[in-house]
Number of protein chains: 2
Amino acid sequence: MTEHTSPGRPGRWRSGAQSRQRVLDAARELFQRNGYAGTTVRAVATEAGVDPAMVFYFFGNKQGLFAAAVDMSAQLPPAIDAIFDGGLDGIGERVVRTLLENMDKSERAPLAILTRSGPGDDQTETLLRQYIDREITGRLAALLDTPDAALRAGMVNVQLLGLAVARYVVRVEPIASASVDELTTRLGAVVQHCLTGSAS
Amino acid sequence: MTEHTSPGRPGRWRSGAQSRQRVLDAARELFQRNGYAGTTVRAVATEAGVDPAMVFYFFGNKQGLFAAAVDMSAQLPPAIDAIFDGGLDGIGERVVRTLLENMDKSERAPLAILTRSGPGDDQTETLLRQYIDREITGRLAALLDTPDAALRAGMVNVQLLGLAVARYVVRVEPIASASVDELTTRLGAVVQHCLTGSAS
DNA sequence: GTCTATAATTAGATAGAC
DNA sequence: GTCTATCTAATTATAGAC
């Protein structure tokens, strides 16, 4: 009974952690749906079931909230690592399937949030660019030793961005409703060809 | 000297046409850069060098301005028609090259505006979806007579959306700086394979 | 930590003079 | 057609009680 707000020793999780988490979840959902400017901290607070002032208490200001929402330090590294552990063989299908399964799972994928958002001109797009470069392009290019490794990896970025936008942002048919297996087979082959196929 | 504001017979172009055009140009640029909610009509008016009230005079409200900015009736039909006139042979390269040349020309492409915008949930994305369905998917699928025609056309949508987003929205390297010829060759082959290649 | 004000700013939209 | 002035509503952000 003396543990619920004791400052030094957390009785549960310092008692504000779950509120903070709910705010983050709500922020990811709304930023993804309505973009940065289209999302109000009031709406986030309402969605999270807390007071608007709490959001500022936790994250300082709206930009801080956004930064926390799209921060993906140690977000999906387990799945991503598994993609590259198998080497080049069959990597096309693995990368497509991983992307699909992660985004279908409706864990708010930073990819979708960043694609639909953008505070000013630079902030968000730079973030997304760096994320793609670091997490995808860099690791893919490292597996190749051809002189056009960067371009081949870039072609894969086109495939993955296109898939994400077509299926989750624009929701164009029949891509939006296609099964994970179908897309994995078809786009996986394309990705594989971009990486290991003969240059045309 | 009696012609500058005569209502029935336009002496020049009813004298407000160029203002309207400047507003539209400014709107396209700002909507593309900052999205719908991130763009204020005041900013559009300032960019266009007119008074904010003029924007409402011309377009009624902000949504009307947006609708006019992304309206692409008879926008680029000449170029698009040329893609399909040549039949299936080499259509991959033609569609990629046409897209690149049109968007590089920095004519505010509705594709870029719509990709970065989205008033609420539905309005814009529905518009973009319908545009893609009508202008690309439909015409591509019509050229094919395989049972998976729709899926093949959908795969092309993934390629084109991915290219547009990677090169013009996120500007990820080396796609953003690659030459039109390089991209046309590489992605054209992929698109061609998606359409006429053997199903894997 | 959580909530109740409330300050300060800004946005969309309108009325009306010229 | 174009501009000035203004109204209304919503938003970010803060101060402070509990």
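Labels below follow one simple rule: chain letters A, B, ... track the order of the sequence lines, proteins then strands, and each chain is numbered from 1.
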Checklist outcome for this item: side chain to side chain donor-acceptor pair (under 3.5 Å) filter on B:Glu47, not counting sequence neighbours, yields none
Item to check | Set of residues satisfying side-chain contact (heavy atoms from CB on, under 4.5 Å) with respect to A:Phe59, sequence neighbours excluded | outcome: A:Arg20, A:Val23, A:Leu24, A:Val55, A:Leu65, A:Ala68
Which atom pairs, donor and acceptor, lie under 3.5 Å between side-chain atoms of residues 86-97 of chain B and protein residues at least two apart or in another chain?
residue: B:Arg94; atom: NE; partner: B:Ile83; partner atom: O; Å: 3.0
residue: B:Arg94; atom: NH1; partner: B:Asp89; partner atom: O; Å: 3.0
residue: B:Arg94; atom: NH2; partner: B:Ile83; partner atom: O; Å: 2.9
residue: B:Arg94; atom: NH2; partner: B:Gly87; partner atom: O; Å: 2.8
residue: B:Arg97; atom: NH1; partner: B:Asp181; partner atom: OD1; Å: 3.2
residue: B:Arg97; atom: NH2; partner: B:Asp181; partner atom: OD1; Å: 3.0

Checklist entry - Under the side-chain contact (heavy atoms from CB on, under 4.5 Å) test, which residues partner A:Thr137, sequence neighbours left out? => result A:Ile132, A:Asp133, A:Ala153, A:Asn157
Checklist entry - By side-chain contact (heavy atoms from CB on, under 4.5 Å), which residues pair with A:Ala176, not counting sequence neighbours? => result A:Arg171, A:Glu173
Checklist outcome for this item: Contacts of B:Thr196 meeting side chain to side chain donor-acceptor pair (under 3.5 Å) (sequence neighbours excluded), chain-then-number -> B:Gln192
Item to check | For atom CG of A:Leu65 and atom P of D:dT12, their distance in whole Å | outcome: 10 Å
Next on the checklist: Below the 4.0 Å mark, does D:dT2 have OP1 or OP2 next to a side-chain nitrogen or oxygen of B:Ser19?
Outcome noted: yes
Item to check | side chain to side chain donor-acceptor pair (under 3.5 Å) involving B:Thr146 - partner list, sequence neighbours excluded | outcome: B:Asp148
Checklist entry - When you measure from every atom of DNA chain C, which of residues 39-49 of chain B have a heavy atom less than 4.0 Å away? => result B:Thr39, B:Thr40, B:Val41, B:Arg42
Checklist entry - Please give, in whole Å, the distance from D:dT11 P to A:Leu30 CG? => result 12 Å
Next on the checklist: Could you tell me how far apart B:Gln63 (CD) and C:dG12 (P) are, to the nearest whole angstrom?
Outcome noted: 12 Å
Checklist entry - According to the interplanar angle, ranging from 0 to 90°, do the rings of B:Tyr36 and B:Phe31 count as parallel (below 30°), tilted (30 to 60°) or perpendicular (above 60°)? => result parallel
Checklist entry - Is A:Arg22 paired with A:Asp25 through a side-chain N to carboxylate O contact shorter than 4.0 Å? => result no
Considering only distance and modelled atom types, tabulate donor-acceptor pairs under 3.5 Å from the side chains of residues 161-169 of chain A, sequence neighbours left out.
residue: A:Arg167; atom: NH1; partner: A:Ile175; partner atom: O; Å: 3.0
residue: A:Arg167; atom: NH1; partner: A:Ala178; partner atom: O; Å: 2.9
residue: A:Arg167; atom: NH2; partner: A:Asp104; partner atom: OD2; Å: 3.2
residue: A:Arg167; atom: NH2; partner: A:Ala178; partner atom: O; Å: 3.4
residue: A:Tyr168; atom: OH; partner: A:Leu100; partner atom: O; Å: 3.4
residue: A:Tyr168; atom: OH; partner: A:Asp104; partner atom: OD1; Å: 2.7

Next on the checklist: Regarding A:Asp51, tell me which of base, sugar-phosphate or nothing describes its non-hydrogen contacts under 4.0 Å with the strands shown.
Outcome noted: base
Checklist entry - What are the residues of residues 53-60 of chain B, sorted by number, that bring a heavy atom to within less than 4.0 Å of DNA chain C? => result B:Phe56
Checklist entry - Among all residues two or more places apart in sequence or in another chain, which pass the side-chain contact (heavy atoms from CB on, under 4.5 Å) test with A:Ala67? => result none
Checklist entry - Given atom CZ of A:Phe66 and atom P of D:dT12, what is their separation to the nearest angstrom? => result 14 Å
Checklist entry - If you fit an axis to the five pairs at each end of the helix from C:dG1-D:dC18 to C:dC18-D:dG1, how big is the angle between those two axes, to 10 degrees? => result 10°
Next on the checklist: What is the separation between atom CZ on B:Arg20 and atom P on D:dG1, rounded to the nearest whole Å?
Outcome noted: 10 Å
